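These values consider heavy atoms only, across backbone and side chains, with no hydrogens, waters or symmetry-generated copies. What you see is a predicted model; the values in this text were computed from it and never measured. The first residue in the sequence is number 1, and the count goes up from there.
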Amino acid sequence: MSRKFCVGGNWKMNGDQKSIAEIAKTLSSAALDPNTEVVIGCPAIYLMYARNLLPCELGLAGQNAYKVAKGAFTGEISPAMLKDIGADWVILGHSERRAVFGESDALIAEKAEHALAEGLKVIACIGETLEEREAGKTNEVVARQMCAYAQKIKDWKNVVVAYEPVWAIGTGKTATPDQAQEVHAFLRQWLSDNISKEVSASLRIQYGGSVTAANAKELAKKPDIDGFLVGGASLKPEFVDIINARQ
């Protein structure tokens with residue numbers, strides 16, 4: 001089964017109206033690969049602004065959402081709110097949410113379950129720390145994180161998994177194409193063994209972790225890498241080259 005390449009740009013806590021307008025102008029004027037799905041993860045406060053400026057064929061993602069529709073949860077945003085202002089995706093379980101904000105596997109899975117029930121598509125993030133990799137626990141960690149998602153997600157058609165080795169995010173270090181492919185292949189096998197062969201064949205698995213225009217083409221050649229979740233480089237003109245990595 002051919003899986004459509006999917007590239008996400010996670011702006012994190014970056015940007016203002018001026019810089020977002022410039023990014024939108026770059027993406028609007030560029031020739032983007034029509035065979036690649038593109039999703040922009042924008043700070044919540046700028047989602048409506050970005051939606052009005054970005055090309056309509058690009059997806060728009062919240063960078064987080066809570067596990068219920070509404071209520072006394074000061075500072076939180078619900079999937080219903082994201083949908084209401086034009087977002088169609090949400091990024092959940094990013095390593096920064098896990099490490100900096102202490103979100104557990106179980107909470108992230110509950111968030112994913114609710115977001116899907118509300119009709120959002122989910123970029124579900126997983127990944128190991130440097131300490132875990134050096135201890136040889138990469139497969140164990142990503143399997144545990146996937147297991148938590150699998151306990152709550154029954155229909156995977158609106159899910160993209162993003163494998164992000166935490167040691168390669170914002171560090172300038174990148175997993176080699178072979179290191180990345182090795183984990184993606186493990187995840188593919190895990191899906192086959194624990195979910196179904198159909199989900200294993202169809203689910204898209206992105207690689208994230210210091211993806212740049214310089215390394216995107218080599219990574220994109222690997223059979224189990226179905227796209228990227230891009231951090232810092234998604235704020236720069238080179239994001240166009242990353243989107244077009246398969247051309």
Side-chain angles (χ1 to χ4, degrees), residues 1-10 33 35-41 58-59 61-63 65 79 87-95 97-98 105-106 108-128 138-166 175 177-209 211 216 219-230 242-243 245-246:
M1 181 182 291
S2 71
R3 298 180 294 268
K4 187 169 187 174
F5 209 64
C6 181
V7 175
N10 179 12
D33 183 352
N35 297 312
T36 294
E37 185 171 10
V38 182
V39 182
I40 301 296
L58 269 55
Q63 295 178 8
D88 39 4
W89 288 81
V90 64
I91 299 168
L92 295 172
H94 192 279
S95 64
R97 298 304 314 172
R98 295 174 188 268
D105 292 349
I108 291 160
E110 287 176 330
K111 287 181 171 192
E113 179 185 34
H114 179 62
L116 291 164
E118 291 285 294
L120 284 178
K121 289 176 271 194
V122 171
I123 295 176
C125 301
I126 57 171
E128 84 284 15
T138 294
N139 290 356
E140 181 187 325
V141 171
V142 296
R144 186 198 77 222
Q145 293 167 338
M146 286 301 296
C147 204
Y149 283 125
Q151 284 172 1
K152 295 293 181 183
I153 297 172
K154 300 306 169 212
D155 184 348
W156 290 82
K157 72 174 180 296
N158 287 323
V159 179
V160 170
V161 167
Y163 165 63
E164 300 198 300
V166 181
D178 286 342
Q179 282 176 318
Q181 166 58 25
E182 191 180 335
V183 181
H184 281 239
F186 169 78
L187 289 165
R188 193 80 59 202
Q189 188 60 50
W190 186 92
L191 288 162
S192 183
D193 294 344
N194 294 277
I195 311 294
S196 72
K197 286 184 170 57
E198 291 73 26
V199 169
S200 175
S202 62
L203 184 76
R204 294 175 292 178
I205 308 174
Q206 296 174 320
Y207 171 74
V211 176
L219 287 161
K221 288 176 184 170
K222 294 298 179 182
D224 291 301
I225 295 179
D226 304 313
F228 306 117
L229 186 56
V230 184
I242 298 171
I243 291 168
R246 276 260 175 107

Can you list everything that forms a salt bridge (charged side-chain N to carboxylate O under 4.0 Å, His left out) with Asp105? Sequence neighbours excluded, please. Arg98, Arg144
Spacing of CD1 belonging to Ile123 relative to NE2 belonging to His94, to within rounding of 0.5 Å: 10.0 Å
Under the side-chain hydrogen bond (donor to acceptor under 3.5 Å, both in side chains) rule, collect the residues that match up with Ser95, sequence neighbours excluded. none
Salt bridge (charged side-chain N to carboxylate O under 4.0 Å, His left out) filter on Glu37, not counting sequence neighbours, yields Arg204
Is there a donor-acceptor contact under 3.5 Å from the side chain of Tyr149 to the main chain of Cys125? yes
Roughly how far, to the nearest 0.5 Å, is NZ of Lys197 from CG of Leu191? 12.0 Å
By side-chain hydrogen bond (donor to acceptor under 3.5 Å, both in side chains) - contacts of Asn35 (at least two apart): none
Quick one: closest heavy-atom pair of Leu219 and Pro177, and the distance? CD2-CA, 3.7 Å
Does any N or O in the side chain of Ser192 come within less than 3.5 Å of the main-chain N or O of Ser200, such that one atom is a donor and the other an acceptor? no
Kindly give the heavy-atom pair with the smallest separation between Val159 and Ala124, and that separation in Å. CG1-CB, 4.2 Å
For Gln151, side-chain hydrogen bond (donor to acceptor under 3.5 Å, both in side chains) partners two or more places apart: none
Surrounding CD of Gln179 (heavy atoms of other residues, nucleotides or ligands, distance under 6.0 Å), is the total greater than 12? yes
Sorted by chain and residue number, the side-chain hydrogen bond (donor to acceptor under 3.5 Å, both in side chains) partners of Glu113 (sequence neighbours excluded) come out as none
For Leu203 and Arg3, which heavy atoms make the closest approach, and how far apart are they? O-CD, 3.3 Å
Could you name each residue pair satisfying salt bridge (charged side-chain N to carboxylate O under 4.0 Å, His left out) that touches residues 150-164, not counting sequence neighbours? Asp155-Lys157
For Ala180 against Tyr207, the heavy-atom pair lying closest together: CB-CD1, 3.8 Å
Gln206 (side chain) donor-acceptor with Cys6 (main chain) under 3.5 angstrom: yes
Please identify each residue that fulfils ring-ring contact (aromatic ring centres under 6.0 Å, His included) with Tyr163, with sequence neighbours left out. His184
So, are Lys4 and Asp226 salt-bridged, with charged N and O less than 4.0 Å apart? no
Among all residues two or more places apart in sequence or in another chain, which pass the side-chain contact (heavy atoms from CB on, under 4.5 Å) test with Ala115? Pro79, Val90, Leu92, Leu120, Val122
Can you name the ring-ring contact (aromatic ring centres under 6.0 Å, His included) partners of Phe228, sequence neighbours left out? Phe5
With rounding to the nearest 0.5 angstrom, report the CD1 to CG distance, Ile91 to Asn10. 4.0 Å
Taking only residues two or more places apart in sequence or in another chain, which ones pass salt bridge (charged side-chain N to carboxylate O under 4.0 Å, His left out) with Arg97? Glu103
Rounded distance (nearest 0.5 Å) linking atom CD of Gln145 with atom CG of Leu187: 9.5 Å
Measure the shortest side-chain to side-chain distance between Ile205 and Asp224 over non-hydrogen atoms and say whether it is less than 4.5 angstrom. no
How would you list, by chain and number, every residue that makes a salt bridge (charged side-chain N to carboxylate O under 4.0 Å, His left out) with Arg246, sequence neighbours excluded? none
How many angstroms lie between atom CG of Asp88 and atom CG of Asn158, to the nearest 0.5 angstrom? 10.0 Å
Heavy atoms, side chains only, cut-off 4.5 Å: are Ser202 and Trp156 in contact? no
